[in-house]
**Student:** 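Handing you this structure, nothing more for now.
Start at 1 and go down the list; that is how both ligands and their atoms are numbered.
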Amino acid sequence: MQETQQLRIFKFGGASVKDAAAIRNLRQIAQTYGQPGPLLVVVSAMGKTTNALEELFQLAHSGQDYGPQLAVLRDFHLQVATELGVTDEAAGTPALTELLEQLQDRLATLQPGDFDKQYDQVVSYGELLATRIVARALQAQWLDCRPLIRTDHTWREGRVAWPATERLLGAVVPAQLAHGPVVTQGFLGGTSSGQTTTLGREGSDYTAAILAYCLGAESVTIWKDVAGLLNADPKIFADTVRFPEISYQETIEMAYYGASVIHPKTIKPLAVKHIPLRVKSFVDPAAEGTLIHDCRHGLLVPAFIRKTGQCLVSFESKDLTFISEENLEVIFGALAQARLKIHLMQNSAISFSVCTDFSAFRLDKLLALLRDQFTIHYNTGLELYTIKNYDAASIRRLTEGRELLLEQRTRQTFQFVCRGGPNEFVK
Ligand SMILES: Nc1ncnc2c1ncn2[C@@H]1O[C@H](COP(=O)(O)OP(=O)(O)O)[C@@H](O)[C@H]1O
Ligand SMILES: N[C@@H](CC(=O)OP(=O)(O)O)C(=O)O
């Protein structure tokens with residue numbers, strides 16, 4: 001594989017491309033910090049476009065009128081392109097209007113069934129449209145990553161076929177980078193038969209890591225609306241502290257437990273190749289941010305992580321049989337089939353409980369698979385809190401006055417599930 005010397009990868013998420021002013025700011029950052037090249041820029045859908053596309057898709061798939069929402073989405077992208085003066089369609093292939101027409105066609109020709117597969121074919125247009133605009137604004141080359149980031153057919157959470165992806169990217173991207181900056185889509189991949197897949201919501205950070213791993217990048221910088229990786233989400237918790245540097249191991253755990261600033265899959269490919277990851281503020285790009293790399297540090301301050309939209313499911317054997325390895329095998333198999341990920345689990349003599357993301361569709365599937373064998377109870381509308389590197393004061397801060405439905409602690413991590421409610425303790 002041909003490695004690109006000193007390649008820097010910049011990733012810009014939805015907030016950093018939410019309108020024309022944000023894209024001008026991105027251009028300034030790329031010009032100031034992305035030189036000398038080579039520079040590969042990964043871009044997500046603009047603002048909340050992915051949510052809007054999800055809604056559009058739901059409407060279209062269920063046969064409802066989606067015309068007004070589609071018009072809003074179309075006008076928004078065209079308006080931003082006009083404000084940036086990048087409506088010169090001849091200069092880009094495919095043109096913005098061509099992508100918008102493709103999206104319209106996709107929506108008009110949806111078939112009943114195949115929900116997840118068709119979701120990917122529609123929702124992917126957020127990144128296609130955004131990169132078309134950003135590439136033109138940067139006068140950079142536009143790269144369609146779908147034929148190069150090869151995944152299996154796991155719709156909505158494509159699993160990367162690493163050897164093929166490394167070969168495909170290596171054959172195309174270094175040559176393109178030799179001609180100047182390249183802009184490509186986050187979140188997207190493609191199957192061997194040429195169908196679009198997505199890598200899981202908020203998966204654009206992961207795309208930056210895939211590209212870095214496969215192309216042997218020097219570093220990855222993800223530009224966010226926060227000062228760096230903090231010990232908690234500042235939208236929820238008061239008095240947050242920035243980590244100037246932190247290890248891959250600490251970061252992967254924070255991301256895994258739900259610190260939404262970095263997609264959890266991002267860290268491993270970078271750690272394997274010792275590629276540093278910087279989290280920097282696009283609001284204050286000169287500020288230090290956070291450097292995530294191979295480093296050792298003492299005990300860090302407690303980090304707080306909240307996951308909302310949780311569901312606690314308890315399985316009880318119907319005949320007072322103990323929860324055994326055989327029972328657990330059946331339960332885990334059903335959870336995997338329903339594609340429900342376990343965030344926390346606990347068992348007693350005759351009962352086994354798991355905390356997972358709530359999805360009515362997936363929960364129904366799980367119930368259908370296990371109802372005959374187990375008595376199943378569940379609660380929805382819950383929150384899962386994790387405190388990494390906890391102490392007594394940090395536990396008190398979060399748990400006081402709350403009814404804990406499930407609680408667990410290891411040497412470094414304290415977790416509990418409780419009902420969602422006002423966050424009287426956080427701000
Ligand atoms: N530990 C944390 N440190 C910093 N930001 C965090 C943390 N946990 C959650 N966040 C949230 O992550 C947001 C940035 O991530 P996200 O909105 O997904 O960015 P993007 O869309 O640009 O990829 C911040 O605005 C902040 O609210
Ligand atoms: N646009 C996709 C992928 C993504 O990563 O977006 P962002 O970088 O804005 O979190 C999503 O919203 O899920």
**Student:** To check your reading of the model: name the closest protein heavy atom to atom 10 (O) of ligand 2, its residue, and the distance in Å.
**Tutor:**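 Checking every protein heavy atom, the shortest distance to atom 10 (O) of ligand 2 gives Glu202 CG, 3.5 Å.
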
**Student:** What do you reckon, does Gly203 have a nitrogen or oxygen under 3.5 Å from a nitrogen or oxygen of ligand 2?
**Tutor:** yes

**Student:** Using the rule side-chain hydrogen bond (donor to acceptor under 3.5 Å, both in side chains), only one of Gln415, Gln412, Glu250 pairs with Lys388; which is it?
**Tutor:** Glu250

**Student:** Note the single closest protein heavy atom to atom 22 (O) of ligand 1, along with its residue, its atom name and the distance in Å.
**Tutor:** Gly13 CA, 3.3 Å

**Student:** Between His263 and ligand 2, which residue portion shows a heavy-atom distance shorter than 4.0 Å: side chain, backbone, both, or neither?
**Tutor:** neither

**Student:** Looking only at protein heavy atoms, which one is nearest to atom 9 (O) of ligand 2, and how far off is it?
**Tutor:**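 The closest heavy atom on the protein side is Gly14 N, 2.8 Å.
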
**Student:** Which atom pair, heavy atoms only, marks the closest approach of Pro174 to Leu169?
**Tutor:** CD-O, 3.4 Å

**Student:** Step by step, work out the side chain to side chain donor-acceptor pair (under 3.5 Å) result for Tyr66 and Gln58.
**Tutor:** CA-CA 9 Å; Tyr66 55 85; Gln58 296 266 12; over 6 Å; no

**Student:** Give the numbers and elements of all ligand 2 atoms closer than 4.0 Å to a heavy atom of Thr50.
**Tutor:**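 Under 4.0 Å from Thr50, ligand 2 has these atoms: 1 (N), 2 (C), 11 (C), 12 (O).
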
**Student:** Can you list the ligand 2 atoms lying under 4.0 Å from a non-hydrogen atom of Arg201?
**Tutor:**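 Every atom of ligand 2 under 4.0 Å from some heavy atom of Arg201: 11 (C), 12 (O), 13 (O).
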
**Student:** Please identify which atoms of ligand 2 are closer than 4.0 Å to at least one heavy atom of Phe187.
**Tutor:** 2 (C), 3 (C)

**Student:** Looking only at the side chains, is there a donor atom on one of Thr198 and Asp120 sitting less than 3.5 Å from an acceptor on the other?
**Tutor:**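 The criterion, which ignores hydrogens and geometry beyond distance, is satisfied for Asp120 and Thr198.
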
**Student:** Side chains of Thr131 and Gln185 only: does a donor on one sit below 3.5 Å from an acceptor on the other?
**Tutor:** yes

**Student:** Based purely on interatomic distance, does Asp233 place a nitrogen or oxygen under 3.5 Å from a nitrogen or oxygen of ligand 1?
**Tutor:** yes

**Student:** Using distance alone, with no hydrogens and no angle criterion, decide if Gln310 and Asp357 have a side-chain donor and acceptor under 3.5 Å apart.
**Tutor:**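 Looking only at side-chain atoms, Asp357 and Gln310 do form a donor-acceptor pair, the distance falling under 3.5 Å.
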
**Student:** Could you list the atoms of ligand 2 found under 4.0 angstrom from a heavy atom of Lys11?
**Tutor:** 8 (O)

**Student:** Hey, what's the ring geometry for Tyr213 with Trp162, parallel, tilted or perpendicular (30° and 60° as the breaks)?
**Tutor:**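 Aromatic pair Tyr213/Trp162 classed perpendicular.
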
**Student:** Between atom CD1 of Ile275 and atom OG of Ser219, what is the distance when rounded to the nearest 0.5 Å?
**Tutor:**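 Going from the CD1 atom of Ile275 to the OG atom of Ser219 covers 9.0 Å.
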
**Student:** Just to confirm my output: which protein heavy-atom neighbour is closest to atom 7 (P) of ligand 2, and how far is it?
**Tutor:**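 Nearest neighbour among protein heavy atoms for atom 7 (P) of ligand 2, to 0.1 Å: Ser44 OG, 3.5 Å.
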
**Student:** Hey, what's the ring geometry for Trp155 with His153, parallel, tilted or perpendicular (30° and 60° as the breaks)?
**Tutor:**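 Rings of Trp155 and His153: perpendicular, as their planes differ by over 60°.
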
**Student:** Can the ring centres of Trp223 and Phe10 be said to be less than 6.0 Å apart?
**Tutor:**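 Ring centroids of Trp223 and Phe10 are less than 6.0 Å from each other.
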
**Student:** Rounded to the nearest 0.5 Å, how far does CD of Gln408 lie from CZ of Phe414?
**Tutor:**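 These two atoms lie 10.0 Å from each other.
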
**Student:** How far does CD1 of Ile149 sit from OG1 of Thr197, to the nearest 0.5 angstrom?
**Tutor:**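 Interatomic distance, Ile149 CD1 to Thr197 OG1, rounded to 0.5 Å: 9.0 Å.
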
**Student:** Heavy atom of Glu202 under 4.0 Å from ligand 1?
**Tutor:** no

**Student:** Which bit of Ser204 is near ligand 2, meaning a heavy atom under 4.0 Å away: side chain, backbone, both or neither?
**Tutor:**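 For Ser204, the contact with ligand 2 is made by both the backbone and the side chain.
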
**Student:** Of all the atoms in ligand 2, which lie at a distance below 4.0 Å from a heavy atom belonging to Gly13?
**Tutor:**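 Those atoms are 8 (O), 9 (O).
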
**Student:** Considering only heavy atoms, which of Ile222, Val279, Val261 lies nearest to atom 6 (C) of ligand 1?
**Tutor:** Val261

**Student:** Of the non-hydrogen atoms in Ala81 and Leu96, which two are nearest, and what is the gap between them?
**Tutor:** CB-CD2, 3.7 Å

**Student:** Compare every heavy atom of Leu84 with every heavy atom of Ala20, then report the nearest pair and how far apart it is.
**Tutor:**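 For Ala20 and Leu84, the tightest heavy-atom pair comes out as O-CD2, 3.6 Å.
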
**Student:** Look at atom 8 (N) of ligand 1 and say whether a protein heavy atom is found at less than 4.0 angstrom from it.
**Tutor:**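 Yes, because at least one protein heavy atom sits under 4.0 Å from atom 8 (N) of ligand 1.
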
**Student:** Counting heavy atoms only, which of Lys48, Lys235, Lys224 comes nearest to atom 20 (P) of ligand 1?
**Tutor:** Lys224

**Student:** Is any N or O atom of Leu230, backbone or side chain, closer than 3.5 Å to an N or O atom of ligand 1?
**Tutor:** yes

**Student:** Report yes or no: does Ser260 have a heavy atom closer than 4.0 Å to ligand 1?
**Tutor:**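 Yes, Ser260 has heavy atoms under 4.0 Å from ligand 1.
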
**Student:** May I ask whether Lys48 places a heavy atom under 4.0 Å from ligand 2?
**Tutor:** no

**Student:** For ligand 1, is any non-hydrogen atom under 4.0 Å from Ala232's backbone (N, CA, C, O), its side chain (CB onward), both, or neither?
**Tutor:** backbone

**Student:** Please report whether ligand 1 has a polar contact with Asp225, defined as an N or O pair separated by less than 3.5 Å (distance criterion only).
**Tutor:**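 Yes, there is a polar N/O contact under 3.5 Å.
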
**Student:** So which heavy atom in the protein is nearest atom 21 (O) of ligand 1, and how far is it from that ligand atom?
**Tutor:** Gly14 N, 3.5 Å

**Student:** Looking at ligand 1, does Gly228 have a heavy atom less than 4.0 Å from it?
**Tutor:** yes

**Student:** Centroid-to-centroid, Tyr257 to Phe304, below 6.0 Å?
**Tutor:** no

**Student:** Kindly confirm or rule out an N or O of Trp223 lying under 3.5 angstrom from an N or O of ligand 1.
**Tutor:** no

